[in-house]
There are 2 protein chains.
Amino acid sequence: MSPRGRPRAFDREDALTQAMLVFWERGYDGASLAELTEAMGIKPPSLYAAFGDKESLFREAVKHYQAAHGRHTMRALTEEPTARAAVEAMLRNNACAYVEPGHPTGCMVVLAATNCTPANASVWEFLAASRDNVRRELCARLRRGVEEGDLAATVDTEALGALYATVFYGLTMQARDGVGLDSLMTVIDLALSMWPENGGGAASTVDTAPSAP
Amino acid sequence: MSPRGRPRAFDREDALTQAMLVFWERGYDGASLAELTEAMGIKPPSLYAAFGDKESLFREAVKHYQAAHGRHTMRALTEEPTARAAVEAMLRNNACAYVEPGHPTGCMVVLAATNCTPANASVWEFLAASRDNVRRELCARLRRGVEEGDLAATVDTEALGALYATVFYGLTMQARDGVGLDSLMTVIDLALSMWPENGGGAASTVDTAPSAP
DNA sequence: AGATTTTTGTATCGCTCGCTAAAGAAGGTG
DNA sequence: CACCTTCTTTAGCGAGCGATACAAAAATCT
């Protein structure tokens, strides 16, 4: 069952994790092969044999990132009971992850290719598609909230999704600028205080509030 | 009156504008000397004689950007009569500028150096300081609103400033991802609907649709 | 064992990067 | 005119980039 030739001397997952960390901090263009190979503990030929070229390694690193660090986002959007809880969990979980020690700050999908050059256009589109996917999942969750009755039917789910996607992106920039978790959480407090349910304007009807007004 | 030697054959302001556009679209690292010199219509020695090295040119391009495109930000924060009007004008003016035809989308100060490498660390710090300056001006305007009575004294101006700075950054990412002006304006609508004045406390009203029974 | 297959380290490749020396070109000044 | 100063052009520097040719090394297969 073992492959035929000489076995690989490094752990592919570990090397991929190290590559992800370098891409996360430096971005696609800013991560050089020299820095990648040093962090991964391998030489260029081993990298190219195991992962293909730099772009293939990057794409795989992004998938690894989404599985390891972006997991909370999708989990929040699918498993939380209400739309508001889903958005709140998404924002708070990500804010925690952004400033977690042991890895770069902010969201890799947002930061790893902000400038599009002709050479890295495909990389930019790849990340842009991933961002748009999160936005669409967010809007879908809001629509589900309307269907399930925890969000007023008068709410413009596309607009509300765009707003929280905007906050989502902004939090990443704030985290990369060194803003601490407490400040990020305060921003989220305020961003959630405008949830349609909170004010008297929305036509949310039947919801037994735990505390009496 | 005229300088002694051979006169410069290009307009320095025009060349600086072209350099600004290249840096704006590509970022600091992504803008190569070849692309810069071609856009500016000059050869490398002329560039170096007129502007110094690449980093000096970039810093001057950023100042040029702030004078030409970031002007609305400071104007809104200083000249608008109330804190809310100041923030609203800041966001809307910038959103318009972000998607204006004739130049790259989004804010140059946010996008031109998102990834910090050892080589461009000073550039990153330069832009980070500029971002922090905007944030401090924003918070100062909110404090002025409290002093002048158009903003409740109970409002946490630091937190509110951080929130709108976050929205500010997020709008730039949205613009660069191709979101249109109407969507950006809708996001701003929602972001402003949570202004403390609206609801009396942190929570406020929001109604994205015309009031229905 | 010997042949085969795959990975490994060394030593580059061609290319682009930011940057500059050297000489020609265009003005003013005697 | 010659002379000086400054800008422009040509050409190319050293360094770093992503990516590879090559042969030795380490495993399985016959």
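- The phosphate of D:dA19 (OP1 or OP2) has a side-chain N or O of A:Tyr48 nearer than 4.0 angstrom.
- What separates CZ of A:Arg26 from P of D:dG16 is a distance of 15 Å, to the nearest Å.
- We find the OG1-CD distance between B:Thr105 and B:Glu100 to be 12.0 Å, quoted to the nearest 0.5 Å.
- Side chain A:Arg4 to base C:dT5: no donor-acceptor pair is found below 3.5 Å.
- Of the candidates C:dC19, D:dC7, D:dA24, the closest approach to any side-chain atom of B:Asp53 belongs to C:dC19.
- Contact between B:Arg26 and A:Thr117 at its shortest, heavy atoms only, is NH1-CA, 3.6 Å.
- Relative to the side chain of B:Arg6, the nucleotides D:dT6, C:dT8, D:dT20 differ in distance, and D:dT6 lies closest.
- In this structure, B:Gly5 and B:Pro45 both approach DNA chain D, and ranking their closest nucleotides by distance from the 5' end singles out B:Gly5.
- Following rounding to the nearest Å, B:Arg8 (CZ) and D:dT5 (P) show an atom-to-atom distance of 18 Å.
- Contact annotation: A:Lys43 does not reach the phosphate of C:dT8 (side-chain N/O to OP1 or OP2, under 4.0 Å).
- Between A:Ser46 and the phosphate of C:dT7, there is no side-chain N or O to OP1/OP2 separation shorter than 4.0 Å.
- If you check the side chains of A:Ser122 and A:Glu55, you find a donor sitting under 3.5 Å from an acceptor.
- A straight line from CD1 of A:Ile42 to C1' of D:dG18 spans 14 Å, rounded to a whole angstrom.
- Note: CG (A:Asp29) to P (C:dT16) measures 15 Å, nearest angstrom.
- Considering CG of B:Leu171 and OH of B:Tyr164, their distance stands at 11.5 Å, rounded to 0.5 Å.
- No contact: B:Ala119 has no heavy atom under 4.0 Å from any strand.
- One can place OH of A:Tyr28 at 12 Å from C1' of D:dC17, the figure rounded to the nearest angstrom.
- If you take CZ of A:Phe58 and P of D:dC17, they are 18 Å apart, rounded to a whole angstrom.
- In this structure, A:Pro7 reaches the sugar-phosphate backbone alone: every heavy-atom distance under 4.0 Å involves primed, P, OP1 or OP2 atoms, never a base.
- When rounded to the nearest whole Å, the span between CZ of A:Phe10 and P of D:dA26 equals 17 Å.
- Distance, A:Leu47 CG to D:dT20 P: 12 Å, rounded to whole Å.
- A:Ala9 comes within 4.0 angstrom of sugar-phosphate atoms only, judged by non-hydrogen atoms across all strands, and of no base.
- Between the side chains of B:Ser56 and B:Asp53, at least one donor N or O lies within less than 3.5 Å of an accepting N or O.
- Counting only heavy atoms from C-beta on, A:Lys54 has its side chain closest to D:dA19 among D:dA19, C:dT8, D:dC17.
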